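Lettering of chains follows the sequences in order, A, B, ..., and the numbering in each one begins at 1. What you see is a predicted model, and the numbers here were worked out from it, not measured in a lab.
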Amino acid sequence: MITRWSQTLIPTLRQDPSEAEVPSHRLMLRSGLIRQLAAGLYTYLPLGWRSLHKAIEIIRQEMNAAGSVEMFMPALEPIELFAGTGRDVAYGDDLFTLTDRRGHRNALAPTHEEVITEALAASVESHRQLPLNLYQIQTKFRDEPRPRFGVLRSREFIMKDAYSFHVTVDGPGGLDATYERMYQAYCRIFDRCGLTYETVEAESGPIGGSASHEFMVICSTGEDTVYKSDKGNYAANVEKCEIGPRAWSFDPPDPPTESAGDLETVHTPDLPGIDLVAAFLKITPDRMLKTLVCSSDNGWILAVLRGDHDLNLGKLKTACESAVQLADEKAARDAGFAVGFVSPAVAKTITVARIVIDPDAAQSRDWVTGADRIDYHVRNFQWRRELGELLDGDTVRVADIRNAIDGDPSPRDDGGVLRAERGIEVGHVFKLGTKYSEAMGFTVLDENQKSRLVIMGCYGIGPGRILAAAIETNHDDDGIIWPAPIAPYTVHVVTIKLDEAGSKALDTLLANLDAAGIDVLVDDRPERPGPKFKDADLIGCPIRLTIGAKSLAENAVEFKLRCAARESAELIKLDAVADRCLEVAGGGR
RNA sequence: CGGGCUGUAGCGCAGCUUGGUUAGCGCGCCUGACUGGGGGUCAGGAGGUCGGAGGUUCGAAUCCUCUCAGCCCGACCA
């Protein structure tokens, strides 16, 4: 495929657009890959569309090779489908909805579990039709509260989403086997795209389910935080990351190492937030206890953390073995909680179902915490002295309920230390279980004529994120340095002041490259060399060929890799160029 | 949704505090000439509802009110 610059649209920008912060966003705009229409909405211009297609084609090939079958579902779906699984509520404002002329409410699909489950439920009745693994490459819509970083978090984006259906979890044809196949296929896809990535354990979020891995491209601008043990045997995202065992005790050591001061109430008005209170009292937040009021079906739940730690709601749910949410502030206030000044001791006056204390908060020392009275805190709070026997009852439980932070012990309990890194999530695989089949009544008859809920998995990849992540991790001051497989073109030919004979030589060169199956962009603009080289560097195709009087005098072109230094440019005879390009770029298309 | 910032030519910005010629600058763009290996030089030129609406005023890019949009931080988030 030969494309002449003069015949396509590559609106490169000389200056950085002011709205772009991260390198990938900046460079995608500057190199004419994309253009913004509105917040979170991007046009893929010809160059960007080509790269996206290359990533998509790799995905398609590997999905097909792994036994998944392509199909295509509508982006628009009746809202009732969502209501069935309660996800209209779970997705909330993130769901784009619209009303059609008949007054029916519809949603622009943020994902397609419901649609495909509906489709399969209608046509699959026997276990003998399973397992099935189907995928599509479709546009998704999410009304993100804050679109940003270009195509990394946009409101409309292309996604490859696959869904698998099984009668069993184990054994041949089971969910686990397909999950593993998909996992391996994903590794091949990201390898082929030239990405450096890691897999981390993940929570499955509103999609629900039992196990999940994210494929992350580690880079400082990534939106997600992941933790890796420095022993290299554990990696998880922040929602999932467990923390290794930590010693705890409510009782002062014997003999006491710290003198127990009396409980002392201090007036702390107009100090919203732990940090301000800590600063006012001239202590650090890790000397404070924070008590979060949560609600559950069984009643109030207090979550107690060290002041500098953050609650992990998922962990709290696990610890409570029930649904838990942060309490509605007004409801908590009405119940008598001095919101913002709550201490664990409030359990002595207000009945709570459970107090869950993080091990780092269950330490026998003098704490600063709320006084259960608006505008007051207490100093020298001691668990045993303040709560007494309440600590020994069923109400109190000590459990890991906070987000990990850098330096925490690894859950492998092998002396490893968790280190925080940032990453871009380019793919995600889930074991869904029966959440959707249950909600939508998707059952099949097994060999014993017994009705069985279908077990599902789902597997997503964001091709746009592949491009952005590739750029994020492969660029320099001059522009993008594409991994060859997803470069818009493998070869970028720069022409310099060609006379008639030169033009002929160019035509021959292009014909040779084309015959070899190499994608070529020819910068045939009547520009001076400077701007052409700058644009070539900006766009970042792996191989640059320069053809001009200088090289043609040697019956050659100048050959230079984008990733190599300028001085590495060398002259290659015209008839040897195609082979050299194939050799370097790994076989063209 | 809370906090902050910004909307003036395709891109980047000045002008606004203190209202007053025809709204400027750089880059890009068009024409021509000279050039020709890392954004060259010269000459000439095109391009603007100053985000929108309302108001104050003899007069508004500039002051006031409302509104829309975009960006950043946070909350949120497969």
Remember a base hit wins even if backbone is also touched, and classify A:Gln36 as base, sugar-phosphate or nothing at under 4.0 Å, heavy atoms. sugar-phosphate
Euclidean distance for C1', B:G51 against B:G7 (whole angstrom): 6 Å
Donor-acceptor pair under 3.5 Å, A:Arg528 side chain vs B:G40 base: yes
Atom pair distance, as rounded to whole Å: CG in A:Asp143 and P in B:C76: 18 Å
What is the distance, to the nearest angstrom, from the CE atom on A:Met216 to the P atom on B:C77? 16 Å
Counterpart base for B:C42, defined by Watson-Crick or G-U wobble contacts under 3.5 Å: B:G32
Which of B:C13, B:G38, B:C77 is nearest the side chain of A:Arg153? It is B:C77
Ignoring hydrogens and geometry beyond distance, is a side-chain donor-acceptor pair present between A:Asn133 and A:Thr178 at under 3.5 Å? no
Given the structure, check if the side chain of A:Asp16 and the base of B:G12 hold any donor-acceptor pair shorter than 3.5 Å. no
Nucleotide B:G4, atom C1' - distance to CZ of A:Arg148 in whole Å: 15 Å
5'-most by nearest nucleotide on RNA chain B - A:Arg155 or A:Glu144: A:Arg155
Rounded distance in Å between the C1' positions of B:G54 and B:A60: 13 Å
To the nearest Å, give me how far apart CG (A:Leu552) and P (B:G37) are. 14 Å
Going by an N to O cut-off under 4.0 Å, is there a salt bridge joining A:Asp358 and A:Lys290? no
Would you mind pulling out the nucleotide paired to B:U18, Watson-Crick or G-U wobble, both distances under 3.5 Å? none
Nearest whole Å is fine: how far is B:G36 C1' from A:Arg525 CZ? 15 Å
Both A:Ala20 and A:Arg566 contact RNA chain B. Which one's nearest nucleotide lies toward the 5' end? A:Arg566
Might you point out which heavy atoms bring A:Ile466 and A:Ala55 nearest each other, and give the distance in Å? CG2-CB, 4.4 Å
Give the intermediate values and the outcome of salt bridge (charged side-chain N to carboxylate O under 4.0 Å, His left out) for residues A:Lys330 and A:Asp328. CA-CA 6 Å; A:Lys330 185 176 180 306; A:Asp328 176 69; over 6 Å; no
A:His428 NE2 to B:C77 C1': how many Å, rounded? 12 Å
Nearest to the side chain of A:Glu21, heavy atoms from C-beta on, is which of B:G12, B:C72, B:G37? B:C72
Does this structure show an ion pair linking A:Asp224 with A:Arg153, if we count only N-O contacts that are shorter than 4.0 Å? no
Between A:Lys435 and A:Glu113, does any side-chain N to carboxylate O distance fall below 4.0 Å? no
Of the listed nucleotides B:U35, B:C13, B:C72, the one nearest the side chain of A:Arg146: B:C72
Look at the side chain of A:Ala39 and decide which nucleotide, out of B:G70, B:G38, B:G12, has an atom nearest to it. B:G70
Donor-acceptor pair under 3.5 Å: do we get one between A:Arg544's side chain and the base of B:G38? yes
What's A:Pro17 touching, base or sugar-phosphate or nothing? Going by heavy atoms closer than 4.0 Å. sugar-phosphate
Just call it for A:Pro529: base, sugar-phosphate, or nothing, with non-hydrogen atoms closer than 4.0 Å on any strand. sugar-phosphate
Paired with B:G74: which nucleotide, if any, by Watson-Crick or G-U wobble criteria at under 3.5 Å for both distances? B:C1
Nearest whole Å is fine: how far is B:C11 C1' from A:Gln15 CD? 6 Å
Taking 4.0 Å as the cut-off, does a side-chain nitrogen or oxygen of A:Ser18 come that near to OP1 or OP2 on B:C13? yes
Which whole number of Å gives the distance between the C1' atom of B:G59 and that of B:U22? 16 Å
Checking only heavy atoms, does the side chain of A:Glu19 share a donor-acceptor pair with the base of B:G7 at less than 3.5 Å? no
What is the distance, to the nearest angstrom, from the CG atom on A:Leu95 to the C1' atom on B:C77? 14 Å
Do A:Tyr42 and A:His25 have ring centres separated by under 6.0 Å? yes
Mind checking A:Ala38 for me? I need base, sugar-phosphate or nothing, with any heavy atom below 4.0 Å counting as a touch. sugar-phosphate
Euclidean distance for C1', B:G19 against B:C58 (whole angstrom): 12 Å
Find the partner of B:C25: check Watson-Crick (N1-N3 plus N6-O4 or O6-N4) and G-U wobble (N1-O2, O6-N3) distances, both under 3.5 Å, and reply none if neither fits. B:G12
